[in-house]
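See below for the structure under consideration.
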Amino acid sequence: MKKLQILLVFFIITIPAFSQSAEMWIGLYDRIDTLEYKYSILQNVVDTEDRGLIPLFQKSLVETNLIIVTSLDNNDKKFFDEIQKISIKKLGDFKDIESEDAVYQAYQNTNILLIKTESIVALGKMGSIKYINDFIMTLRNINMRTDGNTNMSDNEAMASALITYFENVRNESSYEAVFYASAGWYSPRSGIKERAKNALKLISDDPSEILKNIMEKDPNFSNKILALSTENESSASDEKKSNLATAALNEGIRHISNSVAETMELLTLRLLAYEMLSNSSYKDIEAVPYMERVLFDNYDISEKLTVIETLGTFKSKEAVETLTKYLKDQNKKQSEGMSPYIDRRTVIATINALGNSGNPAAQEELIIVTTIPTWSTAVIQAARTALEKLRK
């Protein structure tokens, strides 16, 4: 038997794979029942693209799945692992969806990392979603480091394979797990966070509802920022982007923290929301009350200037009413001699925004500016210029 095996292997090696039919390889595969021999057969066809070989790879995977690995010696275990790797990879390359159960069985049964990752990638190439919930849960657990700091490099390899899988199947149910991978613990060297970020664009064109859920329920402020940034970079409509920006303003205002780091995160969240609202062709009027609160509450002057600039892009009745209300408050303080409590920059910015609004309802408060002698020349001149714009 050993001599026959050696002769067959020599015969196989000396004849190019492309000169033999798939049927011949399948026949040769069954000639001798040793793992070393069967591995030698697969080695000779691993680089061929003949789909007629699919039954051979199916057969080799199913057969090895039935073997009790603990019964093998070290030499046979090596050939067993190689047979599985080759079979799984080729079935994935051929996109053979009929093999999804066999590939998943190999994934479940093995403790060899490369076989696990190869199985995940192969199922993705096949477009198999039969076991997607298991893979989503696996990535969630890796994201949360449920095993602590052990096996970090193995976990990165698994996460990388899972992201490749989700990229290929493009199923929205995986979006949240991949999102948290983009914000995860992974090392820069692994490239996983960046890959996950890019994968999100493939998984969903419009992730607005998923990101809104994250925005409202995740207590981590940095994840709220990432959710808004991800929406901004997505293909969602301007209306949906503006709606999420409004939700972000609500989060950025209602949360208060004594931590300097968290306070800065909340500011970053609000600033990104203002930017999205300013750049959007759709102006969500639900955002106006949040911006009005910033104008009238104890927020930094730079942020108030940003709010005024953002409101100036709205040109809606609600935005003009807020700006007019703010200017009226500043006029009152100036008339009552409370100028130390006024920042002239916000006054001029408000006047300019009202002048650009095109809404004649702003004229009355602008006229009042010109009647208060204690306003500076710059403020009065800005009001006159705004009035000229509105009267044209």
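No donor-acceptor distance shorter than 3.5 angstrom exists from the side chain of Thr146 to the backbone of Ile142, with no hydrogens or angles considered. Arg145 contributes no side-chain N or O that, together with a main-chain N or O of Trp185, makes up a donor-acceptor pair within less than 3.5 Å. Side-chain atoms of Lys224 come within 3.5 Å of backbone atoms of Asp218 as a donor-acceptor pair (strictly under, hydrogens ignored). Side-chain atoms of Thr164 do not come within 3.5 Å of backbone N or O of Val121 as any donor-acceptor pair. A donor-acceptor contact shorter than 3.5 Å links the side chain of Thr138 to the backbone of Asp134. Although no hydrogens or angles enter the test, the distance criterion places no donor-acceptor pair under 3.5 Å between the side chain of Asp329 and the main chain of Lys325. In this structure a side-chain-to-backbone donor-acceptor pair under 3.5 Å is present from Arg170 to Glu167. When atom types are taken as modelled, the side chain of Asn279 and the backbone of Glu275 share a donor-acceptor pair closer than 3.5 angstrom. Without hydrogens or angle criteria, Asp73 side chain to Asp76 main chain gives a donor-acceptor distance under 3.5 Å. Side-chain N or O atoms of Asn356 include one that pairs as donor or acceptor with a backbone N or O of Asn352 at under 3.5 Å.
Lys85 and Glu82 are joined by a salt bridge, as a carboxylate oxygen and a charged side-chain nitrogen come within less than 4.0 angstrom of each other. Salt bridge annotation for Arg384-Glu388: absent, with no cationic side-chain nitrogen under 4.0 angstrom from a carboxylate oxygen.
One hydrophobic cluster, built from ILVMFWY side chains closer than 4.5 Å, cannot hold both Ile308 and Met276; they sit in different ones. Taking hydrophobic clusters as Ile, Leu, Val, Met, Phe, Trp and Tyr residues chained together by side-chain heavy-atom distances below 4.5 Å, Tyr299 does not share a cluster with Leu272. Residues Ile112 and Phe80 share a hydrophobic cluster, clusters being chains of Ile/Leu/Val/Met/Phe/Trp/Tyr side chains in contact below 4.5 Å.
Side-chain contact of Thr48 with Asp50: a donor-acceptor pair under 3.5 Å is absent, judged by distance alone. Checking Gln84 against Asn65 by side-chain atom types alone, a donor-acceptor pair falls below 3.5 Å. Asn243 and Tyr282 share no side-chain donor-acceptor pair at under 3.5 Å. Between Ser208 and Glu231, the side chains place a donor N or O and an acceptor N or O closer than 3.5 Å (distance only, hydrogens not considered). A side-chain N or O of Glu156 and one of Ser187 form a donor-acceptor pair less than 3.5 Å apart. With no hydrogens or angles considered, a side-chain donor-acceptor pair links Thr313 and Lys283 at under 3.5 Å. For Tyr131 and Asp101, the side-chain atoms include at least one donor-acceptor pair closer than 3.5 Å. Side-chain N/O atoms of Ser160 and Arg195 include a donor and acceptor closer than 3.5 Å. With hydrogens and angles left out, the side-chain atoms of Lys241 and Asn232 include no donor and acceptor closer than 3.5 Å. For the residue pair Glu292/Thr322, the side-chain donor-acceptor check at 3.5 Å is satisfied. Under the 3.5 Å distance criterion, with hydrogens and angles disregarded, no donor-acceptor pair is assigned to the side chains of Asn223 and Tyr180. Residues Asp343 and Thr346 have side chains that never bring a donor and an acceptor to within less than 3.5 angstrom of each other. No hydrogens or angles considered: nothing links the side chains of Glu365 and Thr324 as a donor-acceptor pair under 3.5 Å.
More than 12 heavy atoms of other residues, nucleotides or ligands sit less than 6.0 Å from atom CD of Glu336. Within 6.0 Å of CZ in Arg254 there are more than 12 heavy atoms belonging to other residues, nucleotides or ligands. Within 6.0 Å of the NZ atom in Lys89, the count of heavy atoms belonging to other residues, nucleotides or ligands does not exceed 12. More than 12 heavy-atom neighbours from other residues, nucleotides or ligands sit within 6.0 angstrom of NZ on Lys193. Heavy-atom neighbours of Lys125 NZ from other residues, nucleotides or ligands within 6.0 Å: above the threshold of 12. Shown here is Asp300, whose CG atom has more than 12 heavy atoms of other residues, nucleotides or ligands within 6.0 Å.
Nearest heavy-atom pair, Leu323 versus Thr350, reported as atom, atom and distance to 0.1 Å: O-CG2, 3.4 Å. Residue Thr230 comes nearest to Phe179 through the heavy atom pair OG1-CE1, 3.8 Å, listed as atom of the first residue, atom of the second, then distance. Closest non-hydrogen pair, Leu277 versus Met291, comes out as CD1-CE, 4.5 Å. Pairing each heavy atom of Tyr274 with each of Thr310, the nearest pair is CB-OG1, 3.6 Å. Heavy-atom minimum distance, Ile285 versus Ser316: CG2-OG, 4.3 Å. Here the shortest heavy-atom pairing between Phe166 and Ile132 reads CE2-CG1, 4.0 Å.
Interatomic distance, Asp154 CG to Thr117 OG1, rounded to the nearest 0.5 Å: 9.5 Å. Here NZ of Lys59 is found 16.0 Å from CD1 of Ile54. Values are rounded to the nearest 0.5 Å. We find the CD1-CD1 distance between Ile115 and Ile120 to be 12.0 Å, quoted to the nearest 0.5 Å. Summarising the geometry, atom CG belonging to Leu267 is positioned 12.5 Å from atom CZ belonging to Phe221; distances are rounded to the nearest 0.5 Å.
Aromatic pair Tyr107/Phe135: centroids less than 6.0 angstrom apart.
Considering only heavy atoms from C-beta on, Ser376 comes within 4.5 Å of Arg344 through its side chain. Annotation: side chain of Ser357 is in contact with side chain of Leu390 (closest heavy-atom distance under 4.5 Å). Residues Leu61 and Thr64 form a side-chain contact, since some pair of their non-hydrogen atoms from C-beta on lies under 4.5 Å apart. Two residues are said to be in side-chain contact when any heavy atoms from C-beta on lie closer than 4.5 Å; Glu118 and Val103 fail this criterion. Annotation: side chain of Ser99 is in contact with side chain of Met126 (closest heavy-atom distance under 4.5 Å). Here the side chains of Trp375 and Ile342 are in contact, with some heavy-atom distance below 4.5 Å. Put simply, the side chain of Ser234 does not reach to within 4.5 Å of the side chain of Asp205, judged on heavy atoms. Counting only heavy atoms from C-beta outward, the side chains of Tyr37 and Arg31 approach each other to under 4.5 Å.
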**Message:** Go through it in stages, so that I can follow the logic: the residues are Gln43 and Tyr39, the test is side chain to side chain donor-acceptor pair (under 3.5 Å), and I'd like the CA-CA distance, side-chain angles, deciding distance and then a yes or no.
**Reply:** CA-CA 6 Å; Gln43 270 191 311; Tyr39 170 60; 2.9 Å; yes

**Prompt:** Can you list the steps and then say if Ser60 with Ser87 is a side chain to side chain donor-acceptor pair (under 3.5 Å)?
**Reply:** CA-CA 7 Å; Ser60 64; Ser87 303; 2.5 Å; yes

**Message:** Let's go through Asn155 and Tyr186 carefully: what are the C-alpha distance in whole Å and the side-chain angles of both, what is the deciding distance for side chain to side chain donor-acceptor pair (under 3.5 Å) to 0.1 Å, and is it a yes or a no?
**Reply:** CA-CA 9 Å; Asn155 283 340; Tyr186 307 100; over 6 Å; no

**side chain to side chain donor-acceptor pair (under 3.5 Å) assessment of Glu286 paired with Thr246** = CA-CA 7 Å; Glu286 297 297 323; Thr246 299; over 6 Å; no

**Request:** Decide side-chain contact (heavy atoms from CB on, under 4.5 Å) for Leu42 and Leu56; before the verdict, give the C-alpha distance in whole Å, the side-chain angles of both, and the deciding distance to 0.1 Å.
**Result:** CA-CA 9 Å; Leu42 296 186; Leu56 171 61; 4.0 Å; yes

